[in-house]
Amino acid sequence: MLQPFHLKMKDLKQNLNKGILASLQSLKFPTKPFSISPSKNPNFGDLSTNVALLLTKDLKKPPIQIAEEIQTALKKYLPSEIETSAVSPPGFINFVISDSFYQSYISTMLTEGPDFGRSNIGKGKTANVEFVSANPTGPLTVGHGRQAVLGDCVSNILEWNSFDVTREYYYNDAGRQMRILGQSVEARYFEALGKKFEFPEDGYQGDYIKDVAESIIETEGKSLSAGDERFRQTVEELIFTKIKKSLSDLGIIHDQFSNEKTFYENGAIKQLLSDLKEKNLIYEAEGATWLKTTAMGKEQDRVYIKSSGEPTYRLPDTAYHRDKINRNYDLVVDIFGADHADTYPDVLAALSALDISVDHIRVLIHQFVTLLRDGEKVKMSTRKANFVTLEELVKEVGKDVVRYFFIMRSMSSHLDFDLDLAADQSDKNPVFYLQYAHARITNIMKHGEALGHTFSQNFDASLIQEKTELALIKHLIRFPELSEQLYESLEPQVLATYLQELASHFHKFYGKCKVITDDKALTHSRLALITCVKLVFSNGLHILGISAPERM
RNA sequence: GCCCCGGUAGCUCAGCUGGAUAGAGCAUCUGCCUUCUAAGCAGAGGGUCACAGGUUCGAGUCCUGUCCGGGGUACCA
């Protein structure tokens, strides 16, 4: 039956660590920080330590000899879960964990259920994640999609680590871009009415601008005059509606929208300027207002207010960040594309100069998406309307595929999104590999139920002995540790890789072991095992925001 | 010029705080469906980890330099 211990891997490592320290002491060996890490190769057991290799210099002996001495001394300090230890060249000590440790872990997982793997790191804490933050000048493109999915997954990771998360969208609605957008609509409006019009030089050329103009004719009539605020207002509203729709198609819902205008209206920008002035960090030159970033250790000063009287994005962005900090989140996450990599250091520097702590701000920079169509790169520009919208993409290949494609690469890597591959070969898409595993498990359970085998806590874990079964448990055990790792890195790709490996372990197990058989005891043990696998799939896919289908 | 990210199999990419024989998917080739879902499994081929130095018992991983690709940087966001 069940072993009495339910130690987590972490505890086991700690106990082993203590044992090694004790044996070093008994040998009168010096102590150095060493590692106990999972062995990559099954031939090297489950855990390995490099302690002997680190002591070669101090002891002036071959590492393998040191390893043997430590191994001998260690024998009486070994935790009971360690079955055997062995020395292997060049001087590693490898440990094999007993099967019963793994077997007993099944009930631990089952007990924790849907909470298996969840961490308490953020218990009682709040976090704010700002992402997408595209200005409402056009529909979201595939390029925005990466940030949208990334931000949502990062938010999910924080929630999984018990944070109370606010998903936030910030946009600039007072600047030059929005003005040009309004002018573009205005031009199309007059064009549609057959009147004289002048299309702005940097105007937005997409057909959606014409659509907006048409809808203004319908709702506001034909008598608007040049410079009417309604052009800009209407286009902003309509585009925002589209943006929100694109996001919700992907399962993404922001809790809060913040905009630049607010900070002009509530005086926050004025206040920021005067606070910086008081610190002597603002000066006028060449008709513009400058922030003395050089005084904060930067290479050059930055323009805060252009000679035209319009502020650059830095000023409202800084006021916005100050506002976020004032809202007292324990953690503030900003997600930006590589094109914004240079903007945030100035924002943080200005805040620091005002003695505002920015230690709890984490900035994540993701690289760009390159869109491939017919094997060729598609250059995207919102202004030139040369883009594939996120909405089209989701319609074509589905939410799950889009989400998975966007987080399957680390954010520091460029992402090649092959449209043909995503659409035509969706059968071979890696996301289906994961979902298929989950659907298979569900199917086995249904099959079992039909034959009267229902899952129960009464099972004999010691019957789980096959290599593929133990490999499966070994992988499942890593999940809690992985969750904390995800919090550290805020990198969803790590989870995607983990789930791929889990699926691989499961499919191998499936090929080797039949779950529902005449052997009732074994059937129940294996049902317990696959229940755990299903649990981790469903928890993991939940974090990625990808559905876990019952059947495919 | 300077700053950031990348350069790993034909293609797209993993590789945790440096560790033992560098991995996956796609593509190519060979087997496996009367047995819980073949969207799967088993196997084969494919690599001077861009290049050159350095640190280390040990480097794809750390440091320096060079080359290539992407991004940023001079009042656009």
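Below, read A as the first sequence line, B as the second, and so on, with proteins coming before strands; counting in each chain starts at 1. Keep in mind it's a predicted model, so treat the numbers as computed, not measured. Just the heavy atoms: all of them, side chains too, but no hydrogens, waters or symmetry mates, feed the values below.
- For His475(A) and Tyr498(A), the ring centers are positioned less than 6.0 Å apart.
- The Phe432(A) side chain lies nearest to A39(B) when the options are C16(B), A39(B), A77(B).
- Among G19(B), C75(B), C41(B), the nucleotide with an atom closest to any side-chain atom of Tyr433(A) is C41(B).
- For C16(B) and G60(B), the P atoms lie 12 Å apart once the distance is rounded to whole Å.
- No side-chain donor-acceptor contact under 3.5 Å links Asn135(A) and Gln177(A).
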- Please walk me through it: do Gln435(A) and His438(A) pass side chain to side chain contact (heavy atoms under 4.5 Å, CB included)? CA-CA 5 Å; Gln435(A) 295 183 315; His438(A) 186 268; 5.6 Å; no
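- Side-chain proximity of Trp290(A) to C41(B), G19(B), C75(B): nearest is C75(B).
- Mapping Pro38(A) and Ser88(A) onto RNA chain B by nearest heavy atom places Pro38(A) at the nucleotide closer to the 5' end.
- Contact annotation: Tyr498(A) does not reach the phosphate of A14(B) (side-chain N/O to OP1 or OP2, under 4.0 Å).
- When each of U12(B), A74(B), G19(B) is scored by its nearest atom to the side-chain atoms of Gln300(A), the top-ranked nucleotide is A74(B).
- When distances run from any side-chain atom of Lys508(A) to the nucleotides C41(B), U21(B), C36(B), the shortest one goes to C41(B).
- OP1 or OP2 of A74(B) lies within a sub-4.0 Å distance of a side-chain N or O belonging to Arg302(A).
- Here Ala288(A) lies in heavy-atom contact (under 4.0 Å) with a base.
- Using C1' as the reference atom, A22(B) and A59(B) are 12 Å apart when rounded to the nearest Å.
- When distances run from any side-chain atom of Asp416(A) to the nucleotides U12(B), U56(B), C36(B), the shortest one goes to U12(B).
- What separates CG of Leu47(A) from P of A20(B) is a distance of 16 Å, to the nearest Å.
- Here the separation of C36(B) from U21(B), taken at their P atoms, is 42 Å to the nearest Å.
- Counting to the nearest Å, the C1' atom of A14(B) and the CD atom of Gln500(A) are 11 Å from each other.
- When the P atom is compared between C3(B) and C41(B), the two are found 47 Å apart, to the nearest whole Å.
- The side chain of Tyr313(A) places no N or O atom within less than 4.0 Å of a non-bridging phosphate oxygen (OP1 or OP2) of A77(B).
- Judged by closest nucleotide on RNA chain B, Ile365(A) is the one of Asp342(A) and Ile365(A) placed further toward the 5' end.
- Distances shorter than 4.0 Å separate none of the side-chain N or O atoms of Arg314(A) from OP1 or OP2 on C76(B).
- OP1 or OP2 of A14(B) sits under 4.0 Å from a side-chain N or O of Ser413(A).
- Contacts of Asp346(A) with the nucleic acid, taken as non-hydrogen atoms under 4.0 Å apart, are absent.
- Among C36(B), A20(B), A77(B), the nucleotide with an atom closest to any side-chain atom of His447(A) is C36(B).
- Asp339(A) contributes no side-chain N or O that forms a donor-acceptor pair with the base of G71(B) under 3.5 Å.
- With both ends at atom P, the span from G58(B) to A20(B) equals 14 Å, rounded to whole Å.
- Ranking G19(B), A20(B), C36(B) by closeness to the Lys514(A) side chain, first place goes to C36(B).
- Inspection of the Thr454(A) and Glu449(A) side chains reveals no N or O donor paired with an N or O acceptor under 3.5 Å.
- Put simply, the side chain of Asn41(A) and the base of U21(B) share a donor and an acceptor less than 3.5 Å apart.
- Base engagement by His414(A) is indicated by at least one non-hydrogen atom pair under 4.0 Å involving a base atom.
- Judged by atom type and distance alone, Asp301(A) does not reach the base of A74(B) through any side-chain donor-acceptor pair under 3.5 Å.
- Listed nucleotides A38(B), C57(B), A20(B) differ in distance to Tyr510(A); the shortest reach to its side chain belongs to A38(B).
- No hydrogens or angles considered: a donor-acceptor pair under 3.5 Å links the side chains of His144(A) and Thr141(A).
- Residues Phe336(A) and Phe131(A) place their aromatic rings such that the two centres sit no closer than 6.0 Å.
- For Ala338(A), the listed nucleotide lying nearest its side chain is G71(B); candidates were G19(B), C5(B), G71(B).
- Interface remark: the Ser48(A) side chain does form a donor-acceptor pair with the A20(B) base, using a distance-only criterion of under 3.5 Å.
- Between the C1' atoms of C51(B) and C67(B), the separation comes to 7 Å (whole Å).
- Figure legend: Arg314(A) and Tyr304(A) shown without cation-pi pairing, the cationic atom not lying both under 6.0 angstrom from the six-membered ring centre and within 45 degrees of its axis.
- A50(B) and U8(B): their P atoms are spaced 7 Å apart (whole Å).
- Nucleotide G1(B) forms a pair with U73(B), judged by Watson-Crick or G-U wobble geometry with both contacts under 3.5 Å.
- Between Ser410(A) and A14(B), a side-chain N or O to OP1/OP2 separation shorter than 4.0 Å is present.
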